[in-house]
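Data first, discussion second: the structure below is written as structure tokens.
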Amino acid sequence: MPEELTRGQARRIAVRAQLLTDPRPTDVMTVVRHLGVVQHDFTAYVAPNAHLVLWSRLGPAADDGELDARLVDRDLVEMQGMLRPAEDVALFRAAMAGWPGPEPRREWQREIAGWVDANERCREDILERLQHEGPLAARDLPDTTTVPWRSSGWTNAKNVQRLLDFLEARGEVAVSHREGRERMWDLAERVYPDDDGAAPPADEALRERARRRLAALGLARERSAETPGEPNDVGAVGEEVTVEGL
């Protein structure tokens with residue numbers, strides 16, 4: 001039988017795992033390496049999200065300049081709108097190589113793969129421009145798509161931006177830096193560390209990512225609904241428990 005936790009115990013596990021207890025961590029890299037991911041959202045009602053996350057963990061030791069310096073030095077990299085330790089890119093290499101996912105693929109995965117294939121000329125034009133002139137903003141890259149991107153939402157007809165998003169997921173391009181809120185794109189080989197030799201197989205990488213996610217959350221479900229960005233579930237890693245009343 002799984003061990004049962006009281007609600008109080010469950011709360012303490014979650015709060016401690018999120019580095020919200022004493023003693024506080026002392027630097028940016030300790031926080032990001034433990035949390036695994038920090039959303040790079042520039043909306044700032046009080047301050048940008050990454051600064052708030054770091055301030056809530058570091059307290060008076062928080063220094064926005066340290067975050068910026070870590071990004072410049074490539075200790076941290078931006079992947080799909082999230083800040084991650086650069087060494088963690090190795091855990092995504094297999095997924096990049098197997099984009100948009102292992103077989104059997106879902107209908108939406110086949111559709112986006114087909115759209116990218118149909119716009120191979122535009123892909124080649126973007127990579128060539130980045131090779132000779134990068135880093136560049138999306139608006140400075142050529143739109144030579146033959147099949148426009150169709151969406152019922154805000155991405156409709158944003159051909160270059162959507163193609164960049166998929167090329168990022170494939171590990172071909174990466175965000176070099178930001179100028180204001182605008183992402184500046186470059187070839188991934190110029191941004192990510194040369195870690196091909198350290199990249200584990202796909203199943204091993206997924207398990208390690210799940211293990212780190214659980215360490216950062218403290219408590220998580222084995223399965224949960226899919227959400228954009230970092231998953232909320234962790235598979236079979238960790239110890240199975242139940243929580244009082246759930």
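Keep in mind that the numbers below use all heavy atoms, side chains included, and drop hydrogens, waters and symmetry copies. Quantities reported herein were computed from a predicted structural model and do not represent experimental measurements.
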Neighbour count above 12 (heavy atom, 6.0 Å) for E103 CD: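 Atom CD in E103 is packed in, count exceeds 12.
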For the pair [X] (side chain) and [Y] (backbone), establish whether a donor and an acceptor sit closer than 3.5 Å, ignoring hydrogens and angles.
X    : Y    : answer
T6   : Q9   : yes
N49  : D41  : no
N119 : T146 : yes
E3   : V241 : no
D75  : L71  : no
E208 : A205 : no
R183 : V175 : no
D233 : S224 : yes

ring-ring contact (aromatic ring centres under 6.0 Å, His included) pairs, two or more places apart, involving residues 82-102: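 ring-ring contact (aromatic ring centres under 6.0 Å, His included) check on residues 82-102 returns W99-F166.
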Taking the side chain as every heavy atom from C-beta outward, state whether [X] and [Y] have any pair of such atoms under 4.5 Å apart.
X    : Y    : value
D27  : T30  : yes
E240 : M1   : no
V191 : V173 : no
R84  : E78  : no
Y192 : R93  : yes
L163 : C122 : yes
R207 : V237 : yes
Q18  : L35  : yes

For the atom pair [atom1] ([X]) and [atom2] ([Y]), what is the distance rounded to the nearest 0.5 Å?
X    : Y    : atom1 : atom2 : answer
D63  : H51  : CG    : NE2   : 9.5 Å
W149 : D165 : CH2   : CG    : 9.0 Å
S151 : K158 : OG    : NZ    : 9.5 Å
D68  : R178 : CG    : CZ    : 12.5 Å
L67  : M29  : CG    : CE    : 10.0 Å
L19  : L58  : CG    : CG    : 9.0 Å

Test side chain to side chain contact (heavy atoms under 4.5 Å, CB included) applied to V89 and V77, step by step: CA-CA 9 Å; V89 172; V77 294; 3.9 Å; yes
Chi angles and distances behind the side chain to side chain donor-acceptor pair (under 3.5 Å) call for S176, R74: CA-CA 9 Å; S176 170; R74 300 273 162 78; 3.1 Å; yes
[X] and [Y] ion-paired at < 4.0 Å:
X    : Y    : answer
R106 : E226 : yes
R212 : D88  : yes
R70  : D73  : no
E120 : R123 : yes

Residues in salt bridge (Lys or Arg N to Asp or Glu O under 4.0 Å) contact with E182, at least two apart in sequence or another chain: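 Residues passing salt bridge (Lys or Arg N to Asp or Glu O under 4.0 Å) with E182: R139.
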For E244, all residues meeting salt bridge (Lys or Arg N to Asp or Glu O under 4.0 Å), sequence neighbours excluded: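 In terms of salt bridge (Lys or Arg N to Asp or Glu O under 4.0 Å), with neighbours along the sequence ignored, E244 is linked to no residue.
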What pair of heavy atoms forms the shortest contact from [X] to [Y], and how long is it?
X    : Y    : result
R105 : P100 : CZ-CD, 3.3 Å
Q39  : M82  : CA-SD, 3.6 Å
P200 : A94  : O-CB, 4.0 Å
L217 : A17  : C-CB, 3.6 Å
A10  : V243 : CB-CG1, 3.9 Å
V147 : A118 : CG2-CB, 3.9 Å

Worked check of side chain to side chain contact (heavy atoms under 4.5 Å, CB included) between L54 and D64: CA-CA 9 Å; L54 293 170; D64 296 345; over 6 Å; no
Those residues that, when tested against Q80, pass side chain to side chain contact (heavy atoms under 4.5 Å, CB included) (two or more places apart):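 Listed in chain order: E168, A169.
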R221: side-chain hydrogen bond (donor to acceptor under 3.5 Å, both in side chains) partners, not counting sequence neighbours: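 side-chain hydrogen bond (donor to acceptor under 3.5 Å, both in side chains) check on R221 returns nothing, list empty.
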Intermediate values then yes/no, side chain to side chain contact (heavy atoms under 4.5 Å, CB included), R150 and R162: CA-CA 10 Å; R150 298 298 185 194; R162 291 307 287 147; over 6 Å; no
W185 vs Q161, side chain to side chain contact (heavy atoms under 4.5 Å, CB included): CA-CA, chis, key distance, verdict: CA-CA 10 Å; W185 296 90; Q161 186 56 65; 3.7 Å; yes
If you look only at distance, which donor and acceptor atoms sit under 3.5 Å apart when one is on a side chain in residues 125-136 and the other is two or more places apart or in another chain?
{"unit_1": "D125", "atom_1": "OD2", "unit_2": "T144", "atom_2": "OG1", "d": "2.7"}
{"unit_1": "R129", "atom_1": "NH1", "unit_2": "D140", "atom_2": "O", "d": "3.1"}
{"unit_1": "H132", "atom_1": "ND1", "unit_2": "E128", "atom_2": "O", "d": "2.9"}

